Structure formats: structure tokens, C-alpha cells
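See structure below.
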Number of protein chains: 2
Amino acid sequence: MGTEKRGERQPTINDVARVAGVSKKTVSRVINRSPLLKDDTRSKVEQVIADLGYVPNPQARALALRRNFLLGLLHDNPNAQTVLNFQEGVLDAIRDTNFALVVRPVNRHSPDMLDDIRDFLEKQRLYGVFILPPISENEELAALCRELDCAYVRMGSTQLDSPQYLVESNDREIVASAIDHLVEMGHRRIGLIEGPEGFRSAYERREGFLDGIRRHGLEYRAQWHAPGQYTFDSGIDAADRILGEADRPTAIFVSNDEMAAAAMHVARGKGLLVPEDLSIIGFDDSPIASHIWPPLTTVRWPIREMASVAAHKLIDSVDADKLPSRLPSTLIRRSSVAPPRMK
Amino acid sequence: MGTEKRGERQPTINDVARVAGVSKKTVSRVINRSPLLKDDTRSKVEQVIADLGYVPNPQARALALRRNFLLGLLHDNPNAQTVLNFQEGVLDAIRDTNFALVVRPVNRHSPDMLDDIRDFLEKQRLYGVFILPPISENEELAALCRELDCAYVRMGSTQLDSPQYLVESNDREIVASAIDHLVEMGHRRIGLIEGPEGFRSAYERREGFLDGIRRHGLEYRAQWHAPGQYTFDSGIDAADRILGEADRPTAIFVSNDEMAAAAMHVARGKGLLVPEDLSIIGFDDSPIASHIWPPLTTVRWPIREMASVAAHKLIDSVDADKLPSRLPSTLIRRSSVAPPRMK
DNA sequence: TTGTAGGCGTTATCAC
DNA sequence: GTGATAACGCCTACAA
């Protein structure tokens, strides 16, 4: 353990070299685990390193290697829990390395977003960046990373880029199987609350929904289908529209949990019981899903695992193509789905 | 705008100096806004900087200055939204500076937490760190930062440290005023679900509760008072206990929103209407608060503003003592509080 | 007001 | 296997 006292200068590689009676290049070799070193030279140096409590200076290292060990996270906060889980997943991967994770929330509605990010990437010269949806779908942003020679991995719900730059989930398939679940419970009249136009995730989830509907030859009605913005308020409007119909569906798939919670509010307001009168399935498995009443059946995407894989793609670029690009989501069955009431 | 192409070496200060026909020290002076420069020298150099798309290398700068421009965030994820709001607040403060924010989630239940953090701080040599509650209450952690000569600011719900190392909220006062609010609505029988033993926030909120109770000369009963762990599940147990009594309170103050949501679940299970039969006030103003039914009256603490202030304390250490150390929380009135039903 | 020399702590090159 | 020596890109001290 280091025994340096406060205020003392941190020991440098020169101190270690001097005390150990070797050249600093040799110390450098020890640090970097060079194979061509005599065992006793190595252990002697290691002993001195431990005695002095020497820790290599990352800035000096970064300068000499002409690259630093910082990974960046660009996101527009699709959901706080998701972003935080992602951070944890990256940390799982970089723990015990010299990498660190720097975060950069951005605003996709700002006209300056790309300039801000350019400024950030130029100033920080990151080793690589993660890009979360929805901004991962922005092609100009990906082009910017390439222009600035900054490695990147895009997280997404569909194939946005070539596999080495991508980690995706299988939104479309899992939503189709959520529909299967509803059909197994006896539902034939199923509605959809969608995410915003222009989001790939929204598109994929809708296609999954339609796959499910077609697969079972279900009736499809335009009035059971409403657009949303992935926000609670937009969920209220959408559910109002769908549940206002006399001839309403017995179940709804909602493209995220926040809007699903909104749909429950609306159902309650109209005197409908969930799940007896209306079954609801959400998407994300955010904390609300388990905290509302009844607890929400929803889709969990393995964001933490996806983050770890993404980190490895950035770091171990040698075998990045051996890493998977697609990780499976799962349907979490809770209490917001039940067989429809007999009429 | 920079016009450098991919694969080209980034221009350095030497390139700028050569093209501009000045020494690199002069370029350095331009970058660092030294006042003693002739205006036309300055503008000439600035022109070349713009033409070349030169951006100073932060690693080289960090090496020369013997300190980097990285701020760290140590947290044990008390609440995803809180952590993310904090990150946004820090970003508000460091936008347009050269600082970046690196995150480090830790596990306060791990026996290795302090070693992990030591390792992290030694390796990264941060400019300073933010410490979020509950680990901000850990004195060993603060001591570690001092030992490693790492500036820090602790976020808290009470005075944990001297003002320059601290940004706090006024939990105790605001909870007392939440009790005032309940009393104004006509409540006289008020219960409490507490946070975990050993958390300062839990302690402060309880004291605030008791202040309120005493101030109005209300009856206090041990069976209206239950411990919790700030988790949904613990909230279920606590509410079960309190609401199981025949002689239950007409209102409960719950120390965080997650447990408040749980209390609503329990009330519903017992056939109690919120707010008619039971008023509930939470704490945090997390997203659940507005997404459950009925929307929860709760306390919002100004985490984003607190983060900005904390960042300035770290960065502008000159006038850190001019910055406030205590920022006021506010009571957000929604629909979970109403006058008690007449008996 | 500007330039020169030297140092920050590391790694790479190339001898020995 | 190991060690001089020279980068890496910036800043400070001091000289002019």
C-alpha cells in the first residue's frame, strides 16, 4: 500500500527507477507487462513500486501514447434508469482497467447539438464514445465521429451501422411475442400506442406489433392505434383517443412504460379495471413499471449487458467482430395482463 | 471551422507558431488570454488557429499544469433521476469550460468500496469529486479524499462538513412545513414512514416530522411510525404495519417517493381511497410521483441547481465561500392530500 | 511585448 | 534483457 503523505509530491517513474537502480524504460516495461524481462528484475521493481506507492500518471501516458483512456457517453436521456444502467454496464467492463467514463448529456432539440458535440469531442479527444438512442439514430452524428477519428458504438433497436459499431436489441421480435402472449390469454382486439415518428425504436416496435397481428390474423382498426411521444402526457392523449371509442380494444401494447402508466390513468378515469377490462403491456421495465398498480407487464431490454459489450467493442478493437451485436430482450410478466372479460 | 481531414495529424501549437511566424509561447499566450499581447499579434494568431482548426491537447496541458480538468461523480445511485439531474446540473456549470465529468457508481454495501475509490482516485488524478448521498455521509471517504489531495464537495441533507466542501438541502425545515400543510387541511393524526437507520437524510426528515408534530401539539403514537429502507418493498411492509391498526392515521408523511408509492399500493389493497381516506406526502419528486395515481404531493429538492453550485465550488475555488451552501426545497402540491373524511 | 530553454511523466527507437 | 536519448504538446521562468 502506498504510504505517501498529503502534500508530498507523487512519486514518478524516475523515482522508482532511481530507487530500484534500473532505467525508467525498465520500469515502464514492468508497468506494461513486457514479456522480455528477467523475473528478478521485475519483482525487484514491483517491490519498489509497492513501497513508494507509485501510480503511473495517466496524463503523461496519454501524451506519450497520443491517445487517452477516456470513453464518452453521449445521450439525450431517453430514460434516467436506462442511462444509469448503461453507465453501470460500462463500468462492469472497464473496472480494473485504466479507462474512465465521461458523460455528456445533450439536447437533441437544440440546433447546436452537433456543434456542441463537435466541440466536446475535439476538446476531450476521447478514446471512443457510446451513443444512446434516440440520438444514436442520427447519421450526421455518426459521420461527425468518423470525421473526428473518434471510435464509436451506437446502441439501437435495429441495425443502424455495421456490426463493429453497433449493439442492438431485438425490439421487433420481442414485441411480436408480446402480442403472442396477449393472444394466448384470449385477446383478439389489441390496440397500439406508438412512439414518435422518426424514432427507429418506435418504428421497430410498431412493426413487431403488426407482425404479431398478422401472424394471428387479428382484426386491425385504425382507431385502436394512436401516436405518442414517449412522454406521460402524450400517453394520456393517446389512451384517451383509443379508450374513448365505444368499441374499444381489450388490450393495448404501449411502446414505453411511461405512456403505459398514462394509459392506466386514463383507464381508471373511465372506470375501466386493469387488467379485467383492459390488459396493458409496456416497454422498458423502468422502475415505474413495478411501482404502479397493477404492476406492469413489460419488456426488459438488457441494457447493462449491452453496455458491457459495447465497451468491449471500443476497447478490445482487435476482436470486436467476435462480440455479439444483438442481445435479446425478455417479456416480464406481471399483473397488467389477464384474459378479457366475457361479454 | 476546422478543415482537417480524417487521418491527418491534429495540428499542434508548433504548427500554429510556425504558420503564424511567432514563437509557441506567443500562441500559448493567445490560448490562455494573456493580457500582454499586441492586438494584431493576437488576431493574427487567432486567424491561424481558426484556419488550421487547432484545438489544444488537454493531456499535454494537464501534464504541464500538473493537474487535469476532470471532475468525478461518486455515487451509490440513490435514485436514477436524481443522479441524472445532478449530472445535468454539473454540465450546466462546466459547459464552455475545458472540464469534463467522469462518473463512478460504487456499491456502498461492498467491503471494497473504499479501496475501489482509492484506486479510482489514484489512477485518474481528478481535479475534484462530487459525492452524492448516502455515501457523502461516509467520513472515511471524505478522509480518503483529503489524504489523496483530491478536492471534494459533499451533497447532503444536513451540515456534514465545512461550507466550502458542502452543498446541502433543508430537509428538516421542508418536512416540518409539509406537516403544516397537512394540519392546515385538517389532519391531526399523522403517521411517518422513515428512511433507514444511519442515513442523515432519514434522520433529518424524521426530525422535521417531529418538529411539525410538536409545533401543532399533535398526538404522537408509536404505531403510526414505521421504519423503511427507501425501497418499494420496505415501504409495503411499513405501510402494512401502520394501516393495519384499527386506529390508523388520516395522513402519512413518507420519507421518499418510492415508499410513498408503496404506501398507496397498500392503502388500495385495504380498500382505502387516497386522498379521501388517507393523505400521503412523499419526498424527492421523482418521476413516479407524477406518474402514479393519484399524483403524489411531494418535496422537490433542487438537485440540478445544487450540482451547479457544487461544480463552481470545485472549479472557482477562489470565491467558493461566497457561494451558498444550502438551497431550499419546495413542496409540490398534487392530488394525494385532501382534508380527512368526517367520521 | 515576445522568445529561448527547460521541464512535466510517460513511451518508442535503437543501440548495446 | 536493458538503457541512453529523443519524442509527445503544452507551460513556466527568465531573458531580451
Side-chain angles (χ1 to χ4, degrees), chain A residues 2 4 8-46 48-49 52-70 98-99 122-127 149, chain B residues 4 8-46 48-49 52-70 98 122-127 149:
Chain A
E4 78 283 4
E8 265 179 38
R9 195 175 113 288
Q10 292 281 321
T12 73
I13 199 170
N14 290 303
D15 299 320
V16 176
R18 185 168 31 73
V19 174
V22 298
S23 76
K24 54 188 198 170
K25 182 61 213 180
T26 298
V27 179
S28 172
R29 288 194 177 98
V30 172
I31 298 168
N32 296 294
R33 307 181 193 295
S34 159
L36 22 72
L37 270 178
K38 261 198 305 199
D39 273 354
D40 59 337
T41 312
R42 177 192 311 281
S43 54
K44 181 177 62 181
V45 172
E46 278 171 346
V48 175
I49 288 179
L52 263 44
Y54 164 71
V55 181
N57 179 319
Q59 278 74 39
R61 194 185 168 85
L63 181 58
L65 288 172
R66 274 179 233 72
R67 71 203 155 99
N68 64 23
F69 294 88
L70 296 176
N98 292 308
F99 283 92
E122 283 181 341
K123 270 191 187 149
Q124 300 300 334
R125 314 225 174 157
L126 303 177
Y127 189 98
D149 249 336
Chain B
E4 79 284 1
E8 262 179 40
R9 200 175 109 283
Q10 292 280 324
T12 73
I13 198 171
N14 290 304
D15 299 320
V16 176
R18 185 169 29 77
V19 174
V22 299
S23 76
K24 52 189 200 166
K25 181 62 221 182
T26 299
V27 179
S28 172
R29 289 196 176 96
V30 172
I31 298 169
N32 296 295
R33 308 181 191 293
S34 160
L36 23 72
L37 271 178
K38 261 199 304 202
D39 274 352
D40 58 340
T41 312
R42 178 191 309 282
S43 53
K44 181 178 61 179
V45 172
E46 278 170 346
V48 175
I49 288 179
L52 263 41
Y54 165 72
V55 181
N57 179 321
Q59 278 74 41
R61 195 185 167 86
L63 182 58
L65 288 172
R66 275 181 230 69
R67 70 201 156 95
N68 64 24
F69 294 90
L70 296 177
N98 291 308
E122 282 182 342
K123 271 191 188 149
Q124 300 300 333
R125 316 228 172 152
L126 302 177
Y127 189 100
D149 250 336

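Just so we're on the same page: letters track the sequence lines, and every chain starts at 1. Please read all numbers here as calculations on a predicted model, not as lab measurements.
Spacing between atom NZ of B:K38 and atom C1' of C:dG3 amounts to 14 Å, rounded to whole angstrom units. The nearest whole Å value for the distance from the CG atom in B:D15 to the C1' atom in D:dG9 is 10 Å. Straight-line distance from the CD atom of B:Q59 to the P atom of D:dC10: 11 Å, rounded to whole Å. Going from atom CG of A:N68 over to atom P of C:dG9 covers 19 Å, rounded to whole Å. Regarding B:R18, its CZ atom lies at a distance of 17 Å from the C1' atom of C:dG3, rounded to whole Å. Rounded to whole Å, the distance from CZ on B:F69 to C1' on D:dC10 is 11 Å.
Relative to the axis of its first five pairs, the axis of the last five pairs of the helix from C:dT1-D:dA16 to C:dC16-D:dG1 sits at 30°, rounded to 10 degrees.
Every salt bridge (Lys or Arg N to Asp or Glu O under 4.0 Å) that A:K123 has, sequence neighbours left out, goes to A:D119. Residues satisfying the side-chain hydrogen bond (donor to acceptor under 3.5 Å, both in side chains) test with B:S23, not counting sequence neighbours, are B:T26. Annotation: salt bridge (Lys or Arg N to Asp or Glu O under 4.0 Å) contacts of B:R67 (sequence neighbours excluded): none.
The aromatic rings of B:F69 and B:Y127 lie parallel to each other, with less than 30° between the two planes, well short of the 60° mark.
The backbone N or O of A:R125 sits nowhere less than 3.5 Å from a side-chain atom of B:Q10 that would complete a donor-acceptor pair. Checked by atom type and distance alone, the side chain of B:S43 pairs as donor or acceptor with a backbone atom of B:D39 at under 3.5 Å.
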Next on the checklist: Protein within reach of the bases, or only the backbone? For nucleotides 10-16 of chain C, mark each nucleotide 5' to 3' as B, S or -, using heavy atoms under 4.0 Å.
Outcome noted: BBBB---
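In terms of phosphate contacts, A:T26 brings a side-chain nitrogen or oxygen within less than 4.0 Å of OP1 or OP2 of D:dG3.
Comparing D:dG1, C:dT2, C:dG3 by their closest approach to the side chain of B:S23 singles out C:dG3.
Between A:L70 and A:N68, the shortest heavy-atom contact is N-OD1, 3.2 Å.
A:S34 comes within contact range of no nucleotide atom at all, as no heavy-atom separation falls under 4.0 Å. Within 4.0 Å of A:L63, counting heavy atoms only, lies at least one base atom of the nucleic acid.
Counting heavy atoms from C-beta on, the side chains of B:V16 and B:V22 never come closer than 4.5 Å.
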Extract all donor-acceptor atom pairs below 3.5 Å that involve side chains of residues 52-59 of chain B and protein atoms in other chains or at least two apart in sequence.
residue, atom, partner, partner atom, Å
B:N57, OD1, B:Q59, N, 2.7
B:N57, OD1, B:A60, N, 3.1

